[in-house]
Amino acid sequence: MDELLSPEQLLSSLTQIEEAFRSDIAKVATLADLQQVRAKYSGKKGLVTAKMKALSSVPDPVQKKEFGRRINELKNFVEDSLKGRELLLKEGEQERRLLTEKIDITLPGKSVQFGRTHPINQVLSEIKDIFVSMGFGIEDGPEVELDHYNFEALNIPRDHPARDMQDTFYISDDVVLRTHTSPVQVRVMEKTKPPLKIIAPGKVYRCDADVSHTAMFHQVEGLMVDTDVSFGDLKGVLELFIRSFFGKDTPVRFRPSYFPFTEPSAEVDIGCVFCKGAGCRVCKTTGWLEVLGSGLVNPRVFEMTGYDPARYSGFAFGMGVERMTMLKYSIDDIRLFYENDLRFLRQF
Amino acid sequence: MKVSFDWLKEFVDVTVSPQEVAHRLTMAGLEIEGMEIVGSDVVFEVNVTPNRPDCLSILGIAREVAAVFGLPLKMPDMVVKGVQTESTVTVEIADSDLCNRYTGRSILGVTIGDSPQWLKNRLEKCGIRSLNNNIIDITNYVLLELGHPLHAFDEDKLHGRKIRIAKAGHNRSITTLDGADRELSYDMLLIWDGKDPVAVAGVMGGEGSSVNSDTRNIFLESAYFEPTSVRRTSKALGLKTESSYRFERGTDIIFLENALNRAALLIEQTGGGNIHQIVDAYPEKYVERPVEIAYDRINSLLGTALNKAEILETLQRVGVRTEDRGEKCIAIAPPYRRDIREYYDILEEVARIYGFDRIPARIPKTALSDGILNSKEVSVGRIKETVRKTGFTEVINYSFMNGTDLELLSIPAGDSRRSHIEVMNPLRQEDSLMRTTLLPSLLNNFRYNLSRGTRDIRLFEISKIFVDEGGQLPKEKLMLGGIFFRENMPSVWKDETPSFFTAKGTVDCIFDEMKIKGQSYEPSSEAFLHRGKSADIVLDSVRIGFIGELAPVVVEKLDLKISKPEIVVFEMDLDKFLSLAPDKLTYVQIPRYPAVERDIAIVLDEDISSAKVMSDLSAYISGFIEGVELFDHYKGKNIPQGKKSLAYRITYRASDRTLTDSEVEDVHARLVDYILQKTGGQLRA
Ligand SMILES: [Zn+2]
């Protein structure tokens, strides 16, 4: 056995092992091959392991030291080579496995198909968000409303020609389908002390139907009341709103008009979004589109709700959500909103 | 209203283009909605708001042009010169509250004929057809030009050559110019001759006294009728005329005399005749109404810094007389501006003539409003998003329905959905009731989409319904309604879940999203639902809605032309639902010790509902059971006829330590015994 070998022989046997190992490991192709090579050299009964055991029987301390150093070198070499090889093999093996697990990534995903929000309500949310960010609260009121709130308290008495401005659905002589969201103003003023900053979105009804009118549509009403509210404030708030909604370069103009519950009253026009002001069919060649009605609250409305017009002033405004939506998406027929065709609704 | 630019220029020497005039008028509140070139003239389409009847004429528009451009106004000849013979007609006003002033002139010996071409052209440009009768054409001409309605009677047909202005009184009718017999009511104001009614005051003349080609002598009327009275009469008769339109908005009680003279002169000019003296009954004299306003009030309300001179000059331009009183001024509106009655009317005049565009915009300094966080708004938004994310698309429907909708659904008498309110004047008879359920609209949406070839129809709506509960106004309730239909969608990834359960999953998601627990599904008695596949949604013993497949009998009536469709519908009362939502959420500590899971599969009678088994399992008292979850439901092979298998996963956990195996085995064994005994089932082999 080994103890019979001279130191020279011993060293040369290590060289032989090293060479044999080099040739064996070069032939390794699989992890199983590698396992065999590992057993042959560094296993419990491996060749390198056996040399380690033989070390103890070397009597000469100098020789023993030299011999030990060489064996350690060999052992480290063998182990590093095995490790390196194993890593390479594992990578390759995983690579092959991943290839067999390959899927057709172009198949469609199994998604949850979300539904859509009605475009009117999308635009309504956008409008609400803008006003809420300016500190307006949101209020609600009945859709079937007393004539008193819909007309009388808004300075539209029974025999006033202004009643012709709105075709009204009647439930009885005193009860109507609200023709605008303005009655919410009155209801809120009756129960809340100023200052006040609210919007009231909701459905309204008019006895009228054609390409540009439906019997029901949506409005957003706004009201702000405080001790020092001016026409300049009205302009500031509505310009800010319009630029948030239609874009910051949108031209805006305020033009005198008439509503019984505001005075002075103003229509608010924006530069035509279709022709950019050049004049087209939609804007009747004027280059402007009407989007909002507004004005300083008529002191008579304050008197009727118990606010002191000498102390408080305010402004009110109202807009049609269908109209805003039509302008935003270039929709040319208002009736599309109420046909509820999924091919339409799924576009938004 | 149509306005000829050439005609306008007779009243005011405007030198700028019609476009510029249109723009400036629009920016002063007289919206020019359109412009049309007619020959060498331009015709404006003017939108006159109801508060400005003074603008319903060429003169009225000219006054605005003069004010806006700071130009003088030129008036036509309105004075009948010379000495005239006394009037042959007598006038008496019986109801002076309804007729404040009545003037007239006899013109005797006129020649009736065609009107001159220039006059016809002007009428036509402004939208009035010439009637080949110079008298009638001239009354129309003056109406357009000066805004005051006139009426010409055939004087020879006036009984006793008398005019009396009085109410209709009892049982009267009149045949108006248009040949129609009109029923009159007691309070309607009429013009009478010595015997009969000859005109409905301010609305339309009578046929009997009308001017025709044989007329020789006429009596021309120019009067002031009380606006409300004219409006009521015109509405009651369903008769709207150019005259009534102006009278009901208010006419100029002073100027009406000029209009009378202008017409008389034109008649004389085109048809000859002899103009007689004016008869003028004027019992209710016009009273000026001075308005006081402080200059700084104007500036603080407008957000401007106008000085006194600017304000006074602006007011004078629109014909308002002013008297400066230091800090304030007294303003007196002209008689044609009856809309100016209060300080804010003055404010409006200043603002619109100064120009809205010159008022600086500012961002208000103001307190925040409370109520920004409208919790209902937020909750409804979350519900809407939840339903949408489970695949439903939102619809918005009209709030109307009709009686046959409720018949189709076999809604029984006495059901609250029968307590509907009705619209007195619907656009269509089908839209005469206010909805008490969202279902009929959703069924319409479904049919509409199906007929257009769509086969994946999942729709929902959140809207109010209206239930008559006896109050003055109906009760408005916010409802969520949905309809679910998917016909074998071609998809790589199959989903075999029955429609009922997919839709029910959406309902469960809403509960989960809103953190509302304890909903139960109990057999529903809705007649329009499939008896075996429908449920009432119950929360805290309150029925808040239903879900179910449409009953075959209903589906049949819908006539869908597809075989055996599975259509699932649901509807929930969101007000009730949200009232049961917890208003506060409190954090629960995350468990610190591990859980142990054990499964149990029971074979039992198929009539026992899974909810029953679940509630039995949940009722079992043990401090260790943390959760029970149904994970399998099976009928078929290896399970006897009439039975089913339900499998549950039980989670055991202690809050203060790790449970030992034997502890778990012990409690699980007891639970198994309990549930088998409770359900009469057996463990599945
Ligand atoms: Zn345009």
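These figures come from a predicted structure and were not determined experimentally. Below, chain A is the first sequence line, B the second, and so on; all start at residue 1.
- Shortest non-hydrogen contact noted between Thr49(B) and Ser257(A) is CG2-OG, 4.2 Å.
- The most heavy-atom pairs under 4.5 Å with chain B, out of Val237(A), Leu345(A), Leu296(A), Asn121(A), come from Asn121(A).
- Panel note: side chain Arg231(B), backbone Asp159(A); a donor-acceptor pair is recorded below 3.5 Å.
- Rounding to the nearest 0.5 angstrom, the gap separating the CG atom in Leu301(B) from the OG atom in Ser230(A) is 8.0 Å.
- Every residue meeting the ring pair (Phe, Tyr, Trp, His ring centres under 6.0 Å) condition with Phe231(A), not counting sequence neighbours, appears here in chain and number order: Phe356(B).
- Phe254(A) approaches Met27(B) most closely through the heavy-atom pair O-CE, 3.5 Å.
- Proximity to chain A (any heavy atom under 4.5 Å) is shown, for Pro53(B), by neither the backbone nor the side chain.
- The heavy-atom pair separating Ile359(B) from Lys235(A) by the smallest distance is O-NZ, 2.7 Å.
- Rounding to the nearest 0.5 Å gives a distance of 9.5 Å between CZ of Arg253(A) and CG of Asp357(B).
- Within the 4.5 angstrom heavy-atom criterion, only side-chain atoms of Asn298(A), from C-beta onward, approach chain B.
- Separating the OG atom in Ser313(A) from the CG atom in Leu347(B) is a distance of 10.5 Å, to the nearest 0.5 Å.
- Near-neighbour residues of residues 444-452 of chain B relative to chain A, defined by a heavy atom under 4.5 Å from a heavy atom of that chain, comprise Asn445(B), Tyr448(B), Asn449(B), Arg452(B).
- Top candidate by heavy-atom pairs under 4.5 Å with chain B, chosen from Glu145(A), Glu143(A), Glu239(A), is Glu143(A).
- Separating the OH atom in Tyr149(A) from the CG atom in Leu473(B) is a distance of 9.0 Å, to the nearest 0.5 Å.
- Minimum interatomic distance between Leu177(A) and Phe400(B) (heavy atoms only, all atoms of both residues): CD1-CE2, 3.7 Å.
- Counting heavy-atom pairs closer than 4.5 Å to chain B, the top-ranked of the candidates Leu240(A), Leu146(A), Ile120(A) is Leu146(A).
- Contact annotation for Arg346(A): only side-chain heavy atoms (C-beta onward) come within less than 4.5 Å of a heavy atom of chain B.
- The choice from Thr454(B), Val423(B), Ile396(B) that makes the most heavy-atom pairs within less than 4.5 Å of chain A is Ile396(B).
- Contacts with chain B were tallied for Phe259(A), Phe315(A), Tyr205(A); Tyr205(A) has the most, counting heavy-atom pairs under 4.5 Å.
- Here the side chains of Val229(A) and Pro364(B) are not in contact, with every heavy-atom distance at 4.5 Å or above.
- Chain B forms the most heavy-atom pairs under 4.5 Å with one residue out of Asp174(A), Leu234(A), Thr214(A), and that residue is Thr214(A).
- The side chain to side chain donor-acceptor pair (under 3.5 Å) analysis of residues 124-133 of chain A, with sequence neighbours excluded, yields the pairs Glu126(A)-Lys328(A), Lys128(A)-Glu377(B).
- Scored by the ring pair (Phe, Tyr, Trp, His ring centres under 6.0 Å) test, Tyr343(B) finds no partners at all (sequence neighbours excluded).
- The heavy-atom pair separating Leu427(B) from Asp208(A) by the smallest distance is CD1-N, 3.8 Å.
- Both the backbone and the side chain of Ser463(B) come within contact range of chain A, with heavy atoms under 4.5 Å apart.
- Residues Gln113(A) and Arg458(B) are in side-chain contact: their nearest non-hydrogen atoms beyond the backbone lie under 4.5 Å apart.
- Atom CD of Glu31(B) sits about 8.0 Å away from atom OG1 of Thr286(A), to the nearest 0.5 Å.
- Glu394(B) contributes atom CD, which lies 13.0 Å from atom CZ of Arg116(A) (distance to the nearest 0.5 angstrom).
- Proximity to chain B (any heavy atom under 4.5 Å) is shown, for Gln122(A), by neither the backbone nor the side chain.
- Contact of Thr285(A) with chain B is not made at all, since no heavy-atom distance falls under 4.5 Å.
- With a 4.5 angstrom heavy-atom cutoff, Asp140(A) touches chain B only via side-chain atoms.
- Counting all heavy atoms, side chain and backbone alike, Gly141(A) lies closest to Lys464(B) at O-NZ, 3.2 Å.
- Between the side chain of Glu476(B) and the backbone N or O of Val144(A) there is at least one donor-acceptor pair closer than 3.5 Å.
- Of the atoms belonging to His218(A), it is side-chain heavy atoms, and not backbone ones, that fall under 4.5 Å from chain B.
- Put simply, of Glu267(A), Lys284(A), Lys203(A), the one with the most heavy-atom pairs under 4.5 Å next to chain B is Lys203(A).
- Salt-bridge formation is not detected for the pair Asp345(B)/Arg300(A): no Lys NZ or Arg NE/NH1/NH2 atom is positioned less than 4.0 Å from an Asp or Glu carboxylate oxygen.
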